[in-house]
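First the proteins, then the strands, lettered A, B, ... as listed; each starts at 1.
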Number of protein chains: 2
Amino acid sequence: MASPTSGPKRSTIKDVAKKAGVAISTVSLVMNGKGFVSNETSTRVLNVAKQLNYVPRQAARKLPMQSTGNIGFVLRADHFARSEPFYTRIFLGTEFEAHFHGLYVLLTTIPQKFDASLHTPRFLQERNVDGVLIAGKVDSDFIESIAGARIPLVLIDYQLKDHPAVVIDNQQGAKLAVEHLVSKGHEDIAFLGADMLHPSLKERLEGYRIGLNDARLGKPSCEIVSDQGEPDYGTGFELSQQIFECSKRPTAVFCANDSIAMGLLDQAASQGIRVPEDLAVVGFDDVAREDHFRPSLTTVRVYKEQLGELAMKYLNELMAGFPATYPNFERRSHIVRVPTELIIRESS
Amino acid sequence: MASPTSGPKRSTIKDVAKKAGVAISTVSLVMNGKGFVSNETSTRVLNVAKQLNYVPRQAARKLPMQSTGNIGFVLRADHFARSEPFYTRIFLGTEFEAHFHGLYVLLTTIPQKFDASLHTPRFLQERNVDGVLIAGKVDSDFIESIAGARIPLVLIDYQLKDHPAVVIDNQQGAKLAVEHLVSKGHEDIAFLGADMLHPSLKERLEGYRIGLNDARLGKPSCEIVSDQGEPDYGTGFELSQQIFECSKRPTAVFCANDSIAMGLLDQAASQGIRVPEDLAVVGFDDVAREDHFRPSLTTVRVYKEQLGELAMKYLNELMAGFPATYPNFERRSHIVRVPTELIIRESS
DNA sequence: TGTTCGGATCGAAACGTTTCGATAAATTTC
DNA sequence: GAAATTTATCGAAACGTTTCGATCCGAACA
């Protein structure tokens, strides 16, 4: 029955108070840097605390504070388990930032099709979080159920209504990609994308079109814009066939993301089309891994950790009750937009 | 200043007790299914609880229970962020199992080279976990520091001294792979691996050798066993060059894992060697993603979620203080060994 | 010189549970 | 039919903090 962790007993605030010859409340004030405590007392308490190896018990702190110290991080299971380390790195960013705020991050996945009675994360059932971060496209019912429960909420790499969100500056990134291709002399630049109802991907398409327009290029001979499917390698491989069936073959393709671009790369290779000689390819996300076989992919780099960090910051300010401010980034109403960078490699 | 989550106030055990006309302690007993409570009272309390939408506050429960309800899940940052969804799926398994035990899983990463004063996870500093799960190869100082703190601990896909661990049955898997190649008529089967000091990979090498021996095959013409490097695609690509420089080229290669096998596949292709016609290849882990370009990889499938589930079960029993028992799996002393399965695809 | 104010410290209530021991009624045992 | 046991319920202490006054003291103010 004895707990395996039993030992010489963990010291409490009481022990510190007694040994330092002060009241419990004074120790509390010192530990939290609140109120007025003389320097002398403060250092004495701190010393005793260190000496006794005192660390406040979180459960005890949270009780009167009426907060949990937890924040929930939710994404779709299929997104989390997918090959490219995209969401994992976003999570890493939130985790990193959470440290500064003394928060724990509880990572949970939900299925693609969300049913509240079956899949509501435990930390929500128990109301054991102070706020929630949602990464990627998830069922809108889920998002609304959280917002409806009045739990502070920040979306990452997704948008829905006017819920606070931290997103990639997709439009800017797409323009970067197009400008690059234009500078390489391309005049017929195709687009390839699936799941184009996704707000982020839609923005990339818009940026692409603006880029074409800015360069005074006419309509490209080919624009593959599918609303269906997942924007992954398989879809990219299949859809890209259409590019080679177009009336006139474009000299360059801008893809909605790297996974699709990888599919295109392989389809091109299987048709004997050389990249970048016959066809230049640019992706988006910067998640393609090293590969000696394919040409390395020119892409728009997304700072995934930064997305997570900013979202965590934003959420924290939401929880504190005052409006967040990001002087360094465009912030229109409730949206924080994070800039991207073009990474030029072999495929263009 | 008003909390954004403020509302009509969350109901407490007190509210339920009053409305049901019983003592607080009785409600507690009902909610936890403890002690002796009449059926009548029990259902009445349960009804009231549901009616008031009562959910016990975890912080309040944990205080007198002297437990945290959290378990820590630790892996190396570079492992977590790596392309193949190996560790993420292990995590998913633990998370799934944790539900049944009412536990939260706190995922944190540590760097490859661990320094206790810099990288000790917050949940350890605050002693805010009841147990710890460690996935993959991590700094042994870290492992020992946890064990030294007398915190229950289970390793996953790694072994160190006699710490409890849930591991892949690497030897069995490797034998499966070799038997398969033998059955295909191969008599000269090479091995390719890096980071071979890793206990799991070492076991795969052993299984491979036993397999060769069982088939009464002589020494293979080539065994690439590097102790250095990470067992990844790049290493696989480089090391595999040695295979083609061997005195006699083997007809098949068993790789320490899929990443290395992918590297080998590309190296072979770049040298104009056809797979599987000229060379059969088998990997391990089953993490290679769909790829229209390379032949799909024959591999030894590892049930990653199951590894996580079993580890969580094991840890839970450790925390409860009684020895774990797994009738279905081989369990030598403190090791739980999970069987694998051979998945035959195009590369062999 | 009395009054006000701010710094320093303390005591006690409160946070929402679990659990131990007490009590009482109902049932079994001898 | 008394004693012992089992079932059902309750009250109160305990868990380890935070925080809200209250108190005290010395300094600035009028």
**Q** Think B/T41 has a side-chain N or O under 4.0 angstrom from the OP1 or OP2 of D/dT9?
**A** yes

**Q** How sharply is the helix from C/dT1-D/dA30 to C/dC30-D/dG1 bent, taking the axes over five pairs at either end and rounding to 10 degrees?
**A** 40°

**Q** Within less than 4.0 Å of OP1 or OP2 of C/dT17, is there a side-chain N or O belonging to B/K62?
**A** no

**Q** Could you pull out all residues at least two apart from B/F73 that satisfy ring pair (Phe, Tyr, Trp, His ring centres under 6.0 Å)?
**A** B/F91

**Q** Which atom names give the shortest non-hydrogen contact between B/H163 and B/A147, and what distance separates them?
**A** CE1-CB, 3.5 Å

**Q** Is the shortest side-chain N/O distance from B/S25 to OP1 or OP2 of C/dT18 below 4.0 Å?
**A** no

**Q** C/dT17, OP1 or OP2 - any side-chain N/O from B/K14 closer than 4.0 Å?
**A** no

**Q** Quick one: is A/R61 getting a side-chain N or O under 4.0 Å of the D/dT18 phosphate, OP1 or OP2?
**A** yes

**Q** If you take all heavy atoms of B/A311 and B/L133, which pair is closest and at what distance?
**A** O-CD1, 3.9 Å

**Q** Looking only at side-chain atoms of A/Q66, point me to the closest of C/dG16, D/dT9, D/dT19.
**A** C/dG16

**Q** Main chain of A/V37, side chain of A/T41: is a donor-acceptor contact present, judged purely on distance under 3.5 Å?
**A** no

**Q** Given C/dT18, C/dT9, D/dT18, which nucleotide is nearest the side-chain atoms of B/M65?
**A** C/dT18

**Q** Please determine if a side-chain N or O atom of A/T12 lies less than 4.0 Å away from the OP1 or OP2 oxygen of D/dC15.
**A** no

**Q** Does A/T26 make a side-chain N or O approach to OP1 or OP2 of C/dC10 shorter than 4.0 Å?
**A** yes

